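Have a look at the structure below, then the notes.
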Amino acid sequence: MLFLCVKLVFRKNGSFTSQHIHDSQAMRERGIHCVMDQDREMRRKSRFAVKERA
């Protein structure tokens with residue numbers, strides 16, 4: 001636990017960076033999205049997909 005908090009303790013305004021895929025520049029450049037976005041995209045493309053409720 002101590003090693004996980006080193007950045008928070010020793011840096012001014014230290015914080016953990018976001019671990020979400022949509023916040024990663026490298027993932028966006030490769031066209032990789034989170035599973036929820038991929039599912040939503042495939043549902044829009046497929047005529048046989050189950051429609052989402054709004």
Side-chain angles (χ1 to χ4, degrees):
M1 185 68 170
L2 176 67
F3 290 115
L4 293 174
C5 297
V6 168
K7 184 176 181 180
L8 294 174
V9 173
F10 292 111
R11 279 191 167 179
K12 184 177 181 179
N13 297 328
S15 63
F16 290 111
T17 57
S18 175
Q19 298 299 313
H20 294 277
I21 291 175
H22 67 268
D23 291 333
S24 171
Q25 180 67 30
M27 293 294 190
R28 282 190 302 227
E29 289 172 357
R30 292 181 178 101
I32 299 172
H33 309 284
C34 75
V35 70
M36 297 300 284
D37 291 340
Q38 289 177 346
D39 182 56
R40 190 176 300 117
E41 184 179 323
M42 292 307 293
R43 286 175 188 262
R44 287 184 190 139
K45 288 181 180 179
S46 176
R47 63 183 181 139
F48 296 110
V50 177
K51 301 297 181 194
E52 290 184 46
R53 290 185 183 177

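From a predicted model like this one, the values you see are computed outputs, not experimental measurements. Worth knowing before you read on, the calculation uses all heavy atoms, side chains too, and leaves out hydrogens, waters and symmetry mates.
Legend: residues meeting side chain to side chain donor-acceptor pair (under 3.5 Å) with Glu41, ordered by chain and number and at least two apart, are Lys45. Taking the salt bridge (charged side-chain N to carboxylate O under 4.0 Å, His left out) definition, one finds that Asp37 meets it with Arg40, sequence neighbours left out. For Gln25, the side chain to side chain donor-acceptor pair (under 3.5 Å) partners are Arg28, Glu29, not counting sequence neighbours.
The shortest heavy-atom contact between Ile21 and His33 is CG2-C, 3.9 Å.
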